[in-house]
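First the proteins, then the strands, lettered A, B, ... as listed; each starts at 1. Scope of the values below: all heavy atoms of this structure, side chains included, with no hydrogens, waters or symmetry mates.
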Amino acid sequence: MLKQCEGSVAIAEAVALCRPEVICAYPITPQTHIVEGLGSLVKSGALTNCEYINVESEFAAMSVAIGASACGARSYTATASQGILFMAEAVYNASGLGLPIVMTVGNRAIGAPINIWNDHTDSMALRDAGWIQIFAETNQEAVDLHIQAFKLAEALSMPVMVCVDGFILTHAYERVDVPSQADVDAYLPPYEPRQVIDPDEPVTIGAMVGPEAYMEVRYLAHAKQMQALELIPELAAEFKAKFQRDSGGLIRTYRTEDAETIVVALGSVNGTIKDVVDAMRADGVRIGAVSLISFRPFPSQALHDALAHAKRVITIEKSLSVGIGGNVSHNLRMAIQNPQVRMYTVIAGLGGRAVTRVSLDRVFREAMDDRLEPLHFLDLNHEIVDRQLERERLVRRSGPVAESVLRDVGGVTAGIK
Amino acid sequence: MSGPQRVKFYQTGTFTVGNRLLDISVRSIQSDADRHNSLNSGHRACQGCGEALGARYALDAAMHAARGQLVVANATGCLEVFSTPYPESSWRVAWLHSLFANASSVATGMAAAMKVKGRTDVRVVAQGGDGGTVDIGFGCLSGMFERNDDVLYICYDNEAYMNTGVQRSSATPPAARTATTPAVGPEPGNVFGQGKNVPLIAMAHGIPYVATASVADLRDLEYKVARAMEFRGARYMHVHVPCPLGWGTPTSDTIKVARMAVECGLFPIVEAEYGEIIGRRELRQRIPVDDYLRTQSRFAHLFSSRHLGGRDEARIAQMQAIADRNIARFGLMSARTAEKVNA
Ligand SMILES: Cc1ncc(C[n+]2csc(CCOP(=O)(O)OP(=O)(O)O)c2C)c(N)n1
Ligand code: SF4
Ligand SMILES: [Mg+2]
């Protein structure tokens, strides 16, 4: 059904359509409206046969999901930012145990400095945790990816993180087509666990594993993600056949056929990038874009093929691997394996800084003129950074960094004279 | 006194012998040839491990009460490690180990799954050591209590982080030597802090059932597990389990040492329902804490203080004061036992 609604509400409805049996909730901006929505659906009786548990921390949320999933219940939780770090140990544990939990991450920056706005630092921090990570570009895709996520997770017995840009998607009102229960039921069969804690067939799960087998167990997680490279496009195709919509898959190309310059990014910023591509195309520039939907597994072959003819690749990244630069671009370099391709990493939008068409247009043109440095920080205020560095050079007790920077930009914080 | 005299097991010397004096229907679960052996033999606990003994009795009692329909969440710790070196497992019960701090939450998830699947006949036990319960898992535990999730949580308290090599936990007694509270300096061993009485904290949540127990009285342990299983909602048991390796006691003395902890008043045996104490095990033969502390090399420095050139009277007295306070607080001595002590 077509409706105009908030992204979080649409996601909550999509999750409910998947008939989760256990939902664990712990609030954190910008995920709150999703779990609130699900709470109302359970409490009002719209979503039946579901235990909704208000836990006391994200660590407990993931742990409850682990216990429930191990007992064969379809389990769901959602978090963001500090929350995913607080549950980090259990995030690894869920994948290590091979439990098909689905979790929404309303992507948000990580403190300090504390910041509630969107970037991808949170999901990136857990990128090696063994979870499948898929990124939604629009709220429609967020809805559709959740439905695919349960099917994918359960097919592989492996957890899936659906990454949705905080505020930009979670709090945006957009037109969304929410599928019918009958269609979702036809697409997503009931959960049939591979392993289950059952008193009638008692098994030991979570045993101590030493050097003689640990590598094999970890490798199997990798092997499963390699299987996901096949399965993700299949599930997207099946989804399209049922719902008549292109959603999901490994990557989505946009005007890349004859493109010399290709821009790669995760999530909602692809919308802006496509607008810039259109405008530049109108000027006769051969530029295209690739929306990277699946970050884990990393679709190296699909990217290799899509980018094979490009002269340069620009990655727009909403996270910073401090001390080296980009996360996506380094993975991309592995995929392209061609030193002739010039690669640019543009760190953009950290802590919710707007990624504007004007700025993107500028860096794309600089790259095409070979004027862009390999690692660029979009719209970084160098003057303020230099001032802070100078302060630190001159004074030992230069004070707290964030507060000094805020003072320089004219912001207001407690205790600033 | 009317009716047949109650059998007092201590009079027979051993609990096994005492068992034979009873009618079959009331014999201990462990004496049943068809007991579940939930924690089977062949595991790798140290000889004389109190935790292995306690877990075996507790789980068999829980299995008995649940008619075999039991699932278990286990925290990281000695119990988890000695029972499951891959690919071997000593567990003859559906068993899941996730992490160190989350056994109570995992159990909450298990209970939720069973409820949603209409399997309310399946009961859930979570278990862990004192570290996994009193320290790192405390937040999850309190959450489980507060929500009154249908889980029996059993803490096996050996008073330190044994699995990692005997480091101090917040259940470690004052003055005890551990790897992180060495017996050096003017005040050797663990500090005298404020203590952290988790059974009382559990009671403060008002949950249906809270009990302490000890491997010194395995009948009582079995009884309490059985009693706990009669309730729905959150239940907590705190079981005292000496660790010969960590405490520095002969492996043959585990039960004796556990009994002395009870009889000196340092480990009170009590039972509470809905936040109110409803039962206590009175001391049979009160002993001074001295006698208990002397059995363990972790307290040896109290009796041969280099600093003081002999007994550390002040700190032994402080330990005695803790025991005295327990005895008064929980009413562990009736007039009769008090008389015996004074005589
Ligand atoms: C998050 C985390 N921190 C630390 C450890 C290391 N660790 C494993 S078992 C253990 C000690 C367990 O102590 P306790 O819960 O008292 O059980 P015991 O071994 O004494 O029976 C520790 C510290 C861990 N596994 N996970
Ligand atoms: S170290 Fe202590 S608790 Fe651990 S197995 Fe040995 S005796 Fe048992
Ligand atoms: Mg311990």
*Measure A:N93 against the heavy atoms of chain B and call it side chain, backbone, both or neither at under 4.5 Å.*
side chain
With a 3.5 Å cut-off and sequence neighbours excluded, list the donor-acceptor pairs that the side chains of residues 191-203 of chain A form with protein atoms.
residue: A:Q195; atom: NE2; partner: A:L97; partner atom: O; Å: 2.6
residue: A:D198; atom: OD1; partner: A:D200; partner atom: N; Å: 2.9
residue: A:D200; atom: OD1; partner: B:Q69; partner atom: NE2; Å: 3.0

*Under 4.5 Å, counting heavy-atom pairs only, tell me which of A:R74, A:E56, A:M62 racks up the most with chain B.*
A:E56
_Heavy-atom neighbours of A:Q181 CD exceed 12 at 6.0 Å_ = yes
_Heavy-atom pair of closest approach, residues B:M114 and A:C71_ = CE-SG, 3.7 Å
*Heavy-atom distance under 4.5 Å to chain A: side chain of B:E88, backbone, both or neither?*
neither
Side-chain donor-acceptor distances from residues 208-220 of chain A under 3.5 Å, at least two apart:
none

*For A:C50, is it the side chain, the backbone, both or neither that has a heavy atom under 4.5 Å from a heavy atom of chain B?*
backbone
_With a 4.5 angstrom heavy-atom cut-off, is it the side chain or the backbone of A:A94 that approaches chain B, or both, or neither?_
neither
_Sort by residue number and list every residue of residues 115-130 of chain B having at least one heavy atom under 4.5 Å from chain A._
B:K115, B:V116, B:K117, B:R119, B:V122
*Check each atom of A:A60 against the heavy atoms of chain B and say whether the ones under 4.5 Å are side chain, backbone, both or neither.*
both
_Residues from residues 89-112 of chain B approaching chain A under 4.5 Å (heavy atoms)_ = B:S89, B:W91, B:V93, B:A94, B:W95, B:L96, B:H97, B:S98, B:L99, B:A101, B:N102, B:S105, B:V106, B:T108, B:G109, B:M110, B:A112
*How about B:H64: does its NE2 atom have over 12 heavy atoms from other parts shown lying under 6.0 Å from it?*
no
*asked:* Is it the case that atom CZ in A:F86 sees more than 12 heavy atoms from other parts of the structure closer than 6.0 Å?
replied: no
